[in-house]
Asks: 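Once you've had a glance at the structure underneath, I'll fire off some questions.
Here is how names work: the chains are called A, B, and so on, in the same order as the sequence lines, proteins then strands, and each is numbered from 1. All of these numbers come straight from a predicted model, not from anything done at the bench.
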Amino acid sequence: MHDLDYFRQNLPRFEEMARLRNLTLNFAEFIELDRQRRQLITNVESRKAQRNKASEEIARLKKSGQDAAAVITEMKAVSDGIREDDQRIAEFDLRLNDFLLVIPNLPHVSVPPGGPDQNREVRRWGQPPNFDFAPRPHWEIGERTGILDLPRAAKIAGARFAVYKGPGARLERALANFMLDVHTREHGYTEILPPFLVNTASLLGVGQLPKFASDMFHLEGTDLWLTPTAEVELTGLYRDETIDAETLPIKVCAWTACFRSEAGAAGKDTRGILRQHQFQKVEMFKFTRAEDSYEELETLVANAETILQRLGLHYRVMLLATGDMGFAAAKTYDLEVWLPSAATFREISSCSNCEAFQARRAGIRAKPKAGKSAFVHTLNGSGLAVGRTWLALVENYQQADGSILIPEVLRSFMGTDRIEPLKQSAG
RNA sequence: GGAGGAGUGGCCGAGUGGUUGAAGGCGGCGGUCUUGAAAACCGUUAGACCCGGAAGGGUCUCGGGGGUUCGAAUCCCUCCUCCUCCGCCA
C-alpha cells in the first residue's frame, strides 16, 4: 500500500507505473473522493470540538445544580449529525482503501521498463553438465529409481501433487536441512517454524489479498487460508508492531509447505513436479532500515546463490522488468536453474525488495533512539524452492547407468553418495 | 468441547458514566547537586489523522469492532487473546 500523501503528490509516477504494468486505474475519481473525504472530516471534527465543549458545560451545570436540559437537547441534534457524517466518512474510507489496496508497488529506478522480454540477465554461474546420452526429464528418472510416485499422489489428492519415496523423500528432507543449516549457521538468519495456515489480515499485509484470492486455497467456514509462501507468515511476525531500530536488520528464514491453487496455470508445466499445489520452500526474509534495503537485497540474492553453488547447479541471475514483477515488489531478481531435459533455465528463487509497501500495509515500524518511527523495508527471497531444487538436482546429476549422483554437500544428510535405479519394476 | 477469570500508556498499577490522554510507582531522557558516580530533588517522557505557509488549533485512540448516552476506560452486544479447572487428543 502506498502512502496517501505521497500518492496525492506524485500522481504522474503512479500513472506511469500503471501504464508499465498494463493497469487501468481511475486516479481522477480517487483524487476527488479523497478531497471530499477530507472536507467532511474537517467539518465533522469542528462539530465534535463543539460537542466536547458542551459536554464540559453540562458537567459544570449539573455539578452546580443548574438545569442543563437546553444544552442537552441542542447537543442531541449535533450528535445525530455527527453520527451520520461519521458513517459517510467510513464509507469514503472503505472506497479509498479498496482502491489503494489494489495498486501495486512502484518499481525502483534501476528496474528496466517493459514486459518479461525486457528481463535482464545479470550474471551466470557454472556450466551445464555434459551428457554422453540424452538426459531424461525428472519424472522419468523418478520413476526408474522409484523415488517419485505421481500416479499414487493423484490417487491420494489429485493432479499436481507428489509422493516422494525412500531416498526421494530423504533427498527432499536433506535439501531443506542443508539450506536451513547454511542460512542459519553461515548467513545469520534465525530459523522460524510458523503456522502453515494464515488469516486474511496476514495476507492483506503482504499484498496477496485482496487481488489474488483465486490463487490460494481457502478453508471453508473459517478465516484461514493455506499459506502460499512463508513470506506471509514472516511478514506477519511483526504485523502492527514497532520494532527497536537498533535491532535491524532482522533476518529470519523458515522451511514451510506452500500451497497454490495454480488457478491460472491450466495446461502449463503439467508433466513432472515443476508446478504443484503443494511444495516445500525455504524462505529468507529481512526487515531493514530504508537506507539499507538495496544493499541487503544484493546479499539476499548472494545467500540464495550460495545454495546453488554448493550444490553445483548451473544458474543465471535475472533482473526482472517492471511488467514481470510481483504486486508488492519494487525490485526483483530471479534465480533460474539449468534443466538439462528441457535445455532451459527455470525459476528456482525469487528475491525482492518490497521497500515500505508491505510494512505500510502490515503496520511494521521501527523506532530509532532519537527521532520518529518509520516503516521498515521488507525483503523476501526463496533460498530455495526445495521441490524445484530436488528436480534440478535429479536431472543435473543423472548418470548413464540410471543412477543419481549425490553432491558432496548432501552426502552426510543422505547417508549415501548415489541413488540407484530399481533392479526391476516394483511398487 | 464445557465452566469460570482477566485484558488500561515502555513496564507495574489506580480508575465502574462528566475538565481522565488517563492518578501513583518503576524504567527512559534532560537538569540541579557532586572531583566522578550513586542517592536525593526538579522537569520531561504515546501515536495516527484533519485544518494551517508557519505559529498554532482540532479530532481520534484504555485488546478489536459495534451499540446505548448530550457525554463511555467506565453500561450493553460481539469477536480476539491470555489464565484456571474439567473433558478429549498427537
Asks: Using the P atom as the point on both nucleotides, what is the distance between B/C60 and B/U20, in whole Å?
Replies: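 These two P atoms come out 16 Å apart once rounded.
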Asks: For nucleotides 45-51 of chain B, read 5' to 3', which letter fits each nucleotide if B means a protein heavy atom sits under 4.0 Å from the base, S means only the sugar-phosphate is that close, and - means neither?
Replies: ---S-BS
Asks: Take the protein atom CG of A/Asp93 and the nucleotide atom P of B/G65, then report the distance between them rounded to whole Å.
Replies: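 Between P of B/G65 and CG of A/Asp93: 13 Å.
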Asks: What integer number of Å spans the C1' atoms of B/G27 and B/C77?
Replies: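 To the nearest whole Å, 38 Å.
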Asks: Considering Watson-Crick and G-U wobble pairs with both distances under 3.5 Å, what does B/U35 pair with?
Replies: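 The answer is none; no pair meets the criterion.
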Asks: Expressed as a whole number of angstroms, how long is the span from A/Glu84:CD to B/G67:P?
Replies: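 A/Glu84 atom CD is separated from B/G67 atom P by 13 Å.
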Asks: A/Gln309: what forms a side-chain hydrogen bond (donor to acceptor under 3.5 Å, both in side chains) with it, not counting sequence neighbours?
Replies: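 Counting only residues at least two positions away or on another chain, A/Gln309 forms a side-chain hydrogen bond (donor to acceptor under 3.5 Å, both in side chains) with A/Tyr315.
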Asks: In whole angstrom, give me the gap between the C1' atoms of B/G65 and B/C80.
Replies: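 One C1' to the other, the span is 10 Å.
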Asks: I'd like to check the salt bridge (Lys or Arg N to Asp or Glu O under 4.0 Å) partners of A/Glu408; sequence neighbours left out, ordered by chain and number.
Replies: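 Salt bridge (Lys or Arg N to Asp or Glu O under 4.0 Å) check on A/Glu408 returns A/Arg411.
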Asks: With a 3.5 angstrom cut-off on both distances, give the Watson-Crick or G-U wobble partner of B/U69, or none if there isn't one.
Replies: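 By the stated definition (distances under 3.5 Å), nothing pairs with B/U69.
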Asks: Does the side chain of A/Lys76 get closer than 4.0 angstrom to OP1 or OP2 of B/C70 through an N or O atom?
Replies: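 Looking at the OP1 and OP2 atoms of B/C70, one of them is under 4.0 Å from a side-chain N or O of A/Lys76.
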Asks: Which base, if any, makes a Watson-Crick or G-U wobble pair with B/C49, both distances under 3.5 Å?
Replies: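 Pair assignment: B/C49 / B/G58.
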Asks: How far does the P atom of B/G13 sit from the matching atom of B/U61, given to the nearest Å?
Replies: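 It comes out at 25 Å once rounded to the nearest Å.
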Asks: Hey, which sits more toward the 5' end of RNA chain B by its nearest nucleotide, A/Gln50 or A/Gln87?
Replies: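 The residue closer to the strand's 5' end, by nearest nucleotide, is A/Gln50.
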Asks: Taking atom C1' in both B/G9 and B/C26, compute the distance separating them and give it to the nearest angstrom.
Replies: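 Their C1' atoms lie roughly 13 Å apart.
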Asks: Would you find a donor on one side and an acceptor on the other, under 3.5 Å apart, between the side chain of A/Gln398 and the backbone of A/Arg136?
Replies: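 Yes, because the side chain of A/Gln398 sits within donor-acceptor range (under 3.5 Å) of the backbone of A/Arg136.
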Asks: For B/G43, what is the paired nucleotide under Watson-Crick or G-U wobble rules, both distances under 3.5 Å?
Replies: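 Pair assignment: B/G43 / B/C29.
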Asks: Strictly below 4.0 Å, heavy-atom distances to any atom of RNA chain B: list the hits from residues 59-71 of chain A, or just say none.
Replies: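 Listed by number, they are A/Ala59, A/Lys62.
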Asks: What string of B, S and - do you get for nucleotides 71-80 of chain B 5' to 3' if you count protein non-hydrogen atoms under 4.0 Å?
Replies: S---------
Asks: For A/Asp80 and B/U68, what is the distance between atoms CG and C1' respectively, to the nearest whole Å?
Replies: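 The distance from CG of A/Asp80 to C1' of B/U68 comes to 13 Å, rounded to the nearest Å.
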Asks: Could you identify the nucleotide paired to B/A23, looking across every strand shown and requiring Watson-Crick or G-U wobble geometry with both distances under 3.5 Å?
Replies: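 No nucleotide pairs with B/A23.
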Asks: Mind checking what makes salt bridge (Lys or Arg N to Asp or Glu O under 4.0 Å) contact with A/Lys48, not counting sequence neighbours?
Replies: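 A/Lys48 satisfies salt bridge (Lys or Arg N to Asp or Glu O under 4.0 Å) with A/Asp86 once adjacent residues are dropped.
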Asks: Could you give the CD1-to-C1' distance, from A/Ile58 to B/G18, as a whole number of Å?
Replies: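 Rounding to the nearest Å, CD1 of A/Ile58 and C1' of B/G18 are 9 Å apart.
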Asks: If B/C82 has a Watson-Crick or G-U wobble mate with both distances under 3.5 Å, name it; if not, just say none.
Replies: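 Check on B/C82: paired to B/G5, both distances under 3.5 Å.
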Asks: Evaluate the side-chain hydrogen bond (donor to acceptor under 3.5 Å, both in side chains) criterion for residues A/Gln36 and A/Glu32: first the C-alpha distance (whole Å), next the side-chain angles of each, then the deciding distance (0.1 Å), finally the verdict.
Replies: CA-CA 6 Å; A/Gln36 288 181 24; A/Glu32 177 56 22; 2.9 Å; yes
Asks: Using the test ring pair (Phe, Tyr, Trp, His ring centres under 6.0 Å), find all partners of A/Phe30 that sit at least two apart in sequence or belong to another chain.
Replies: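 Applying ring pair (Phe, Tyr, Trp, His ring centres under 6.0 Å) to A/Phe30 gives A/Phe7, A/Phe99.
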Asks: State which residues pass salt bridge (Lys or Arg N to Asp or Glu O under 4.0 Å) with A/Arg170; sequence neighbours excluded, sorted by chain then number.
Replies: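 Testing A/Arg170 for salt bridge (Lys or Arg N to Asp or Glu O under 4.0 Å), a comparison that skips the adjacent residues, returns none.
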Asks: Do A/Glu29 and A/Arg95 come within less than 4.5 Å of each other through their side chains, counting heavy atoms only?
Replies: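 They are in side-chain contact.
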Asks: Under 3.5 Å, is there a donor-acceptor pair between the side chain of A/His183 and the main chain of A/Met284?
Replies: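 Such a contact is absent between A/His183 side chain and A/Met284 backbone.
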Asks: Could you note down all residue pairs passing ring pair (Phe, Tyr, Trp, His ring centres under 6.0 Å) where residues 31-66 of chain A supplies at least one of them, sequence neighbours left out?
Replies: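 Listed by first then second residue: nothing to list.
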Asks: Taking atom C1' in both B/C41 and B/A46, compute the distance separating them and give it to the nearest angstrom.
Replies: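 Roughly 26 Å separates the two C1' atoms.
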Asks: Between B/G87 and B/A3, how many Å separate the two C1' atoms, rounded to a whole number?
Replies: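 Comparing C1' positions in B/G87 and B/A3 gives a spacing of 11 Å.
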Asks: Going by salt bridge (Lys or Arg N to Asp or Glu O under 4.0 Å), name the residues that satisfy it together with A/Asp244, two or more places apart in sequence or in a different chain.
Replies: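 Salt bridge (Lys or Arg N to Asp or Glu O under 4.0 Å) check on A/Asp244 returns nothing, list empty.
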Asks: Name the nucleic acid region contacted by A/Ala49, choosing base, sugar-phosphate or nothing; use a 4.0 angstrom heavy-atom cut-off, strictly under.
Replies: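 The residue A/Ala49 makes sugar-phosphate contact but no base contact.
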Asks: Would you confirm whether A/Lys331, through its side chain, and A/Ser110, through its main-chain N or O, come within 3.5 Å as a donor-acceptor pair?
Replies: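 Such a contact is absent between A/Lys331 side chain and A/Ser110 backbone.
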Asks: Would you kindly give the CG-to-C1' distance between A/Asp86 and B/G65, to the nearest whole Å?
Replies: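 My rounded result for the distance is 15 Å.
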Asks: Residues two or more places apart in sequence or in another chain: which of them pass side-chain hydrogen bond (donor to acceptor under 3.5 Å, both in side chains) with A/Arg271?
Replies: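 A/Arg271 satisfies side-chain hydrogen bond (donor to acceptor under 3.5 Å, both in side chains) with no other residue.
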Asks: By a strict heavy-atom criterion of less than 4.0 Å, which residues belonging to residues 190-199 of chain A are in contact with RNA chain B?
Replies: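 Contacting residues: none.
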Asks: Check this for me: A/Arg275, atom CZ, are more than 12 non-hydrogen atoms of other residues, nucleotides or ligands nearer than 6.0 Å?
Replies: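 For A/Arg275, atom CZ is crowded (more than 12 foreign heavy atoms under 6.0 Å).
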Asks: Using the C1' atom as the point on both nucleotides, what is the distance between B/U32 and B/A39, in whole Å?
Replies: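 Here B/A39 and B/U32 have their C1' atoms 13 Å from each other.
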Asks: Do A/Thr227 and A/Glu233 get their side chains close enough for a donor-acceptor pair, meaning under 3.5 Å?
Replies: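 Yes, a side-chain donor-acceptor pair sits under 3.5 Å.
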Asks: May I ask you to check whether A/Phe217 and A/His277 place their ring centres under 6.0 Å from each other?
Replies: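 Centroid separation for A/His277 and A/Phe217: below 6.0 Å.
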